[in-house]
A.B. asks: 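Below is a structure I'd like to ask you about.
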Amino acid sequence: MRFEALILLLCLSHTAAADREAVEVAEQLIVQPDVWAEVRALRDLVVDQRAELNVLKTRLTSTENELQTIRTNTESSKVAFSAALTDSGLLGPFNTDTTIVYSNVFTNIGKAYNPVTGIFTAPVKGVYYFRFTGMDYRSAVHMGAALYKNNQRIMLTYEINVNNGYFEHMSNGVTLELEKGDVVFLRLPANKGLYDNNESHNTFSGFLLFTL
C-alpha cells in the first residue's frame, strides 16, 4: 500500500507540474504579440500612405498645370500695338485692293502685329479694339482704307479732298470679338490713295480689352 501511494503521489506531482508548464506556455503565447498581425498592419499602413501620396502627386501636378495655364494666359493677355506709314510718301492708287503694311512700329506688346505683312493675329480669344487714321492731300485721288477680319470686310472709310494741296484726314475704329488665330488688317481699296511723311499721319493701332 505504501508503494502504491508513493506512485500515485509522484503521478499527481508530475501532472501538476505539467499543468503548471502548460499554463505558463499559454500565458506566454497570450502575452507574446502577434508578429504577423503587426506585419499586416504595417503593410496596410504603407498601402494607405502610398495611396495618399499618389493623391498628393495628382493634386500637385494639377496645381502646377493650373499655374502654368494662368501664367500663359497672363502673358498672352498683354496685347497692344501701334504702327505707322512714316516716310512712305505717296501710297497708291493701285488697280486692286492692297494690304497696307504699317512698318514703323511704336508699340508691339505681345508681338501679335507683324510689321512685315501688316497683319495682326489674335493670340487669345477675346474682345479687341482697333483704330486707324489716314491722310492725303490729292484732290484727284480719294483716300480710303478698309478694315478686314479674316476675309470679311468690316468697314470701309474714305474721304474726298476738295481742297487740293491741303492735308485731309480720316479715322475710324471698331471693337471686334476674335477667336485665337483670327487676323485683322487694313487694305487700300483700288483707285484710292494715302500719303504720309515723318509726322506719321497714317496709323494702325489695337489692343486686347479682355479675354473670353
Side-chain angles (χ1 to χ4, degrees), residues 73-212:
N73 290 339
T74 299
E75 292 300 321
S76 299
S77 64
K78 297 177 180 178
V79 181
F81 78 95
S82 188
L85 290 177
T86 301
D87 295 334
S88 63
L90 294 175
L91 182 65
F94 304 114
N95 294 327
T96 60
D97 294 356
T98 304
T99 300
I100 304 174
V101 179
Y102 298 84
S103 57
N104 184 29
V105 176
F106 302 127
T107 306
N108 196 10
I109 298 173
K111 307 299 181 182
Y113 174 73
N114 188 332
V116 177
T117 62
I119 295 175
F120 171 87
T121 304
V124 293
K125 180 180 180 180
V127 176
Y128 296 78
Y129 178 75
F130 297 94
R131 181 173 176 79
F132 61 90
T133 62
M135 189 270 284
D136 204 337
Y137 65 88
R138 296 169 289 179
S139 60
V141 178
H142 299 167
M143 62 177 167
L147 186 140
Y148 281 77
K149 170 188 173 183
N150 299 324
N151 292 321
Q152 177 188 4
R153 189 174 72 182
I154 302 299
M155 62 172 60
L156 171 62
T157 304
Y158 62 91
E159 183 69 28
I160 300 174
N161 191 343
V162 296
N163 299 310
N164 188 25
Y166 291 89
F167 289 168
E168 287 287 343
H169 296 81
M170 66 177 186
S171 64
N172 213 334
V174 64
T175 299
L176 296 176
E177 179 179 337
L178 302 180
E179 298 289 337
K180 180 179 179 180
D182 282 348
V183 296
V184 175
F185 54 93
L186 288 165
R187 280 181 176 168
L188 182 69
N191 303 317
K192 297 293 189 294
L194 295 171
Y195 170 80
D196 211 344
N197 53 27
N198 59 6
E199 295 177 343
S200 302
H201 296 281
N202 295 267
T203 61
F204 179 32
S205 303
F207 54 87
L208 173 65
L209 291 173
F210 51 87
T211 58
L212 294 175

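FYI, the numbering just counts along the sequence from 1.
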A.B. asks: Could you tell me which residues satisfy ring-ring contact (aromatic ring centres under 6.0 Å, His included) with Phe81, sequence neighbours excluded, listed by chain and number?
C.D. replies: Tyr113, Phe120, Phe204

A.B. asks: Could you list all the salt bridge (charged side-chain N to carboxylate O under 4.0 Å, His left out) pairs where at least one residue sits in residues 89-114, not counting sequence neighbours?
C.D. replies: none

A.B. asks: Which heavy-atom pair separates Thr203 from Ala84 by the least distance, and what is that distance?
C.D. replies: CG2-CB, 4.0 Å

A.B. asks: By ring-ring contact (aromatic ring centres under 6.0 Å, His included), which residues pair with Tyr129, not counting sequence neighbours?
C.D. replies: Phe207

A.B. asks: Mind checking the CG-OH spacing from Leu188 to Tyr158? Nearest 0.5 Å is all I need.
C.D. replies: 14.5 Å

A.B. asks: If I take atom OG1 from residue Thr211 and atom CG from residue Leu178, how far apart are they, to the nearest 0.5 angstrom?
C.D. replies: 12.5 Å

A.B. asks: Holding to side chain to side chain contact (heavy atoms under 4.5 Å, CB included), I want the full list of residues that pass it with Ser205, two or more places apart in sequence or in another chain.
C.D. replies: Ser82

A.B. asks: If I compare all heavy atoms of Val101 with all of Leu85, which pair ends up nearest, and what's the gap?
C.D. replies: O-CD2, 3.0 Å

A.B. asks: Does the side chain of Thr175 come within less than 4.5 Å of Val127's, by heavy atoms?
C.D. replies: yes

A.B. asks: Output, in order, the C-alpha distance, side-chain angles, deciding distance and verdict of side chain to side chain contact (heavy atoms under 4.5 Å, CB included) for Asn114 and Thr121.
C.D. replies: CA-CA 8 Å; Asn114 188 332; Thr121 304; over 6 Å; no

A.B. asks: Could you label the plane-to-plane angle of the Tyr128 and Phe130 rings as parallel, tilted or perpendicular, counting under 30° as parallel and over 60° as perpendicular?
C.D. replies: parallel

A.B. asks: Just how far is it from atom CG of Asn202 to atom CG of Asn197, taken to the nearest 0.5 Å?
C.D. replies: 9.0 Å

A.B. asks: Pairs in or reaching into residues 177-189: which pass side-chain hydrogen bond (donor to acceptor under 3.5 Å, both in side chains), with residues at least two apart or in two chains?
C.D. replies: Asn150-Asp182

A.B. asks: Return the minimal non-hydrogen interatomic distance between Leu194 and Gly134, and the atom names on each side.
C.D. replies: CD2-CA, 4.2 Å

A.B. asks: Going by the ring pair (Phe, Tyr, Trp, His ring centres under 6.0 Å) test, which pairs reach into residues 170-196, not counting sequence neighbours?
C.D. replies: Tyr137-Tyr195, Tyr148-Phe185

A.B. asks: Which value, rounded to the nearest 0.5 Å, describes the distance between Leu209 atom CG and Leu176 atom CG?
C.D. replies: 10.0 Å

A.B. asks: Counting only heavy atoms not in Asn198, do more than 12 fall under 6.0 Å of its CG?
C.D. replies: yes

A.B. asks: Can you tell me how far the NE2 atom of His142 sits from the CG atom of Asn191, to the nearest 0.5 Å?
C.D. replies: 10.0 Å

A.B. asks: Which pair of heavy atoms, one from Thr86 and one from Ser200, lies closest together, and at what distance?
C.D. replies: OG1-OG, 2.6 Å

A.B. asks: How many angstroms lie between OG1 in Thr157 and CE in Met143, if you round to the nearest 0.5 Å?
C.D. replies: 10.0 Å

A.B. asks: Walk me through whether Ile100 and Leu91 qualify under side chain to side chain contact (heavy atoms under 4.5 Å, CB included).
C.D. replies: CA-CA 9 Å; Ile100 304 174; Leu91 182 65; 4.2 Å; yes

A.B. asks: Please report the closest heavy-atom contact between Ala112 and Val79, naming both atoms and the distance.
C.D. replies: CB-CG1, 4.1 Å

A.B. asks: Arg138 versus Pro93: any side-chain heavy-atom pair under 4.5 Å?
C.D. replies: yes

A.B. asks: For His169 and His201, work out which heavy atoms get closest and say how close.
C.D. replies: NE2-ND1, 3.3 Å

